> 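Got a structure for you, questions after.
Letters A, B, ... are given to chains in the order of the sequence lines, protein chains preceding strands, and every chain is numbered from 1. Source: prediction; values computed, not measured.
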There are 2 protein chains.
Amino acid sequence: MISYSLVGFVKREFGKMAAAGQRAGENMISSIAELISDRIGTMPAGERRAAQTLIANYPLTGLKTVAEFSAAAGVSSPTILRFVARLGFQNYPEFQSALQDELAAQLQSPASRTLNPSSAGGAVSPMLEATLDNMRETFRHLTDKQLADIAARLAERRGKTFLIGGRFTDPLARYMAAHLAIIQPDVYHLAGQESIWRDRLIDMGKRDVLVIFDIRRYQDSLVRFAEKAHQRGVQIILFTDQWLSPIARFARHVIAGRTAVPSAWDSSAALFVVAETLIGAVTRQLEAAGAKRIRDLESLR
Amino acid sequence: MISYSLVGFVKREFGKMAAAGQRAGENMISSIAELISDRIGTMPAGERRAAQTLIANYPLTGLKTVAEFSAAAGVSSPTILRFVARLGFQNYPEFQSALQDELAAQLQSPASRTLNPSSAGGAVSPMLEATLDNMRETFRHLTDKQLADIAARLAERRGKTFLIGGRFTDPLARYMAAHLAIIQPDVYHLAGQESIWRDRLIDMGKRDVLVIFDIRRYQDSLVRFAEKAHQRGVQIILFTDQWLSPIARFARHVIAGRTAVPSAWDSSAALFVVAETLIGAVTRQLEAAGAKRIRDLESLR
DNA sequence: CAAAATACGTAACATAAGATACAGCGCCCC
DNA sequence: GGGGCGCTGTATCTTATGTTACGTATTTTG
């Protein structure tokens with residue numbers, strides 16, 4: 001897949017500007033909208049109409065076809081193409097890809113708008129803000145029904161439940177296992193070396209559930225393990241990041257959490273909260289089902 | 001210009017539902033994302049993978065071409081087309097137009113981006129909202145300076161760093177240890193039975209740091225351990241809940257996180273985020289100090 | 001005012017996109 | 001264990017999209 005990124009594009013543009021003797025630091029062009037308003041003055045009438053229609057409801061018109069764009073602007077198709085050519089794009093698809101990349105960046109970090117002025121300089125606030133955004137975003141892509149389905153699958157006691165995680169996410173698997181193991185039997189956290197849990201595959205069948213935590217860099221050992229478990233008919237519930245671990249290929253349910261934070265490390269906090277939410281949901285379902293074990297537990301306390 | 005609006009589409013869908021004897025008021029479908037998660041359960045494996053990849057970074061993948069979509073999902077083009085057909089769209093362009101219309105509505109009213117209104121009555125929102133509140137509250141009582149001090153203490157390489165947690169918080173200790181152990185030497189997570197880590201006390205002295213996670217019900221074993229470590233001059237950093245574990249008595253630094261959520265369990269999410277923030281801060285400090293280990297690490301990658 | 005240059009649209013073209021037919025495969029049920 | 005059903009991918013076809021060439025209109029300049 002060839003992707004024409006905005007970054008690459010802007011770099012090229014800066015190249016041109018530098019060649020023309022301009023200093024890149026002065027007019028920073030970080031979005032196509034700015035690029036347009038920067039050059040709209042030098043455009044002929046038709047292309048200006050195209051520019052204005054695009055800006056009017058940016059960036060949607062640019063994502064449609066050339067024909068639709070031209071109709072919306074009231075000009076002909078070639079004018080649209082000349083317009084995007086003047087912006088520096090080689091062809092229309094490249095232009096659209098740039099718009100999409102820009103949109104992706106916007107949608108993935110809503111943090112850019114919610115700037116807390118009180119957070120002057122401190123290293124804490126950006127981290128917290130990003131984390132909060134990640135959680136909101138994560139849950140925005142997660143419906144009640146999905147969570148309820150997954151919780152129901154975890155709550156139904158047909159088979160065993162196995163949990164496993166990667167290098168940094170294994171603690172999440174442990175955390176979830178620690179809770180689930182209390183409210184229901186046959187919950188196992190797979191720990192230690194690969195050879196150890198690989199041998200546990202023998203115990204797994206199509207009635208069982210395997211919960212896997214895997215964020216990039218995705219671990220080959222986990223992928224292999226997931227594949228084999230999948231072949232055995234085990235239902236896989238995957239916690240991963242928004243780029244989806246290759247395990248998604250085998251998973252019955254996929255939970256994609258946002259992980260980007262201003263830090264050297266990725267954040268698993270959003271996945272952690274999803275895990276807690278699921279733990280609560282499973283507990284509630286078991287309570288509602290009047291599970292004997294729950295009553296016994298309460299009497300023990 | 002022919003525009004296939006989402007509104008029109010939903011109307012048609014409601015028509016089908018009404019014909020099938022369902023009442024439209026019960027499951028309101030106001031976005032394609034909801035529509036997908038509503039039907040994802042009834043989909044075959046391949047189409048479900050398509051659905052999951054689309055949801056993972058919604059709605060961008062849906063705006064790309066069928067070929068790109070299929071490549072991202074790891075399935076073939078026809079599967080993508082069958083997927084959109086199952087959602088009720090006549091063809092792929094109609095599907096894309098619906099996504100674009102939805103996007104347009106979102107971009108015009110950024111307020112609607114805050115939360116999924118349909119999840120108002122569900123069990124998710126209260127949990128998420130409580131968690132977010134907990135984090136804000138936790139960080140409100142936590143100054144930048146406090147965190148910076150703790151991070152500095154963890155970053156200075158005079159002695160060893162030990163981490164330990166309670167029944168449910170031990171995974172947090174593991175998570176933190178997994179990161180810290182990478183960027184600096186002599187980081188040890190204390191696991192297993194009490195007798196094991198009690199014996200490790202011999203290794204601990206006043207140059208060392210002990211990070212303890214303990215929320216209620218506070219574990220006696222941890223309190224005893226903390227007391228003995230304190231007597232040996234070990235500096236204790238305590239992660240606890242707002243009611244403060246008795247260990248706070250011995251601790252040099254105390255981080256009190258909010259734990260209350262509408263669930264049968266307490267939430268450790270706020271503490272988790274503090275831990276991540278600290279991990280990031282320590283990393284940054286070590287980088288700034290030009291630690292050789294960090295450079296070596298980067299060259300290894 | 002005339003001539004040149006530029007801009008714009010119509011129409012034909014080539015390419016790449018979406019749609020379809022069909023065969024292989026796995027899965028479930030009997 | 002065998003037969004049937006359903007899902008999935010390969011290959012082919014068709015559509016429509018982006019692209020280009022060219023002639024006309026419009027503006028600009030000497």
Side-chain angles (χ1 to χ4, degrees), chain A residues 1-4 39-54 60-100 158 205-207 227-236 248-252, chain B residues 1-4 39-54 61-100:
Chain A
M1 184 183 94
I2 302 172
S3 168
Y4 308 86
R39 301 196 180 175
I40 199 171
T42 69
M43 289 181 188
E47 300 181 26
R48 195 174 315 145
R49 286 182 65 184
Q52 283 161 347
T53 355
L54 176 57
L60 221 99
T61 314
L63 295 177
K64 299 186 182 292
T65 66
V66 175
E68 286 175 307
F69 192 165
S70 67
V75 296
S76 69
S77 305
T79 301
I80 300 297
L81 295 176
R82 282 188 283 262
F83 164 67
V84 301
R86 188 182 299 266
L87 291 178
F89 296 97
Q90 298 298 322
N91 48 28
Y92 196 71
E94 177 178 343
F95 164 71
Q96 286 192 320
S97 296
L99 280 179
Q100 286 184 6
R158 296 193 315 178
K206 57 181 58 171
R207 307 170 76 86
E227 181 169 10
K228 282 175 189 147
H230 174 68
Q231 285 167 359
R232 295 184 64 88
V234 181
Q235 285 206 8
I236 295 179
R249 182 184 183 83
F250 315 114
R252 182 78 175 75
Chain B
M1 183 183 94
I2 302 173
S3 169
Y4 306 90
R39 302 195 180 175
I40 198 170
T42 69
M43 290 182 188
E47 300 178 28
R48 196 161 48 230
R49 279 166 60 189
Q52 283 158 347
T53 24
L54 174 57
T61 315
L63 296 178
K64 299 185 183 292
T65 67
V66 175
E68 286 175 307
F69 191 165
S70 67
V75 297
S76 68
S77 307
T79 301
I80 299 297
L81 296 175
R82 281 187 284 262
F83 163 66
V84 302
R86 189 181 297 267
L87 291 178
F89 296 96
Q90 299 297 325
N91 48 28
Y92 195 73
E94 177 178 342
F95 164 71
Q96 285 193 321
S97 296
L99 279 179
Q100 286 181 4

> Compare every heavy atom of A/Thr61 with every heavy atom of A/Thr53, then report the nearest pair and how far apart it is.
O-OG1, 3.8 Å

> Can you figure out which of C/dA17, D/dT19, C/dT20 approaches the side chain of B/Thr65 most closely?
C/dA17

> Closest nucleotide of DNA chain C for A/Thr42 versus for B/Gln96: which of these residues is on the 5' side?
A/Thr42

> Any side-chain heavy atom of A/Phe69 within less than 4.5 Å of one from A/Lys64?
no

> Rounded to whole angstroms, how far apart are NE2 on A/His230 and C1' on C/dG26?
11 Å

> Students often get this wrong, so: under 4.0 angstrom with heavy atoms, is B/Pro78 touching a base, only sugar-phosphate, or nothing?
base

> Any side-chain heavy-atom pair from B/Val75 and B/Phe83 closer than 4.5 angstrom?
no

> Which part of the nucleic acid, if any, lies within contact of B/Ser76, taking any heavy atom under 4.0 Å across all strands shown: a base, the sugar-phosphate backbone alone, or nothing?
base

> Please report the distance, rounded to the nearest Å, between OH in A/Tyr92 and C1' in C/dA14.
19 Å

> Whole-Å distance between C/dA17 P and B/Phe69 CZ?
16 Å

> Could you tell me the separation between the CD atom of B/Glu47 and the C1' atom of D/dG9, rounded to a whole number of Å?
13 Å

> Using whole Å, report how far CD of A/Gln235 lies from P of C/dC27.
14 Å

> Mind calculating the distance between CZ (B/Arg86) and C1' (D/dC7) to the nearest angstrom?
9 Å

> Where does the angle between the aromatic ring planes of A/Phe89 and A/Phe95 fall among parallel (under 30°), tilted (30 to 60°) and perpendicular (over 60°)?
perpendicular

> Side chains of B/Arg48 and B/Gln52: does their closest heavy-atom pair fall under 4.5 Å?
yes

> Output the single nucleotide from D/dG18, D/dG9, C/dG18 whose closest atom is nearest the side chain of B/Val75.
D/dG9

> So, does the side chain of A/Arg82 form a donor-acceptor pair with the base of C/dG9 at under 3.5 Å?
yes

> Grab the CZ-C1' distance between A/Arg49 and C/dA7 for me, whole Å please.
14 Å

> Given atom CD1 of A/Ile80 and atom P of D/dT17, what is their separation to the nearest angstrom?
15 Å

> Indicate whether OP1 or OP2 belonging to D/dG9 is found under 4.0 Å from a side-chain N or O atom of B/Thr79.
yes

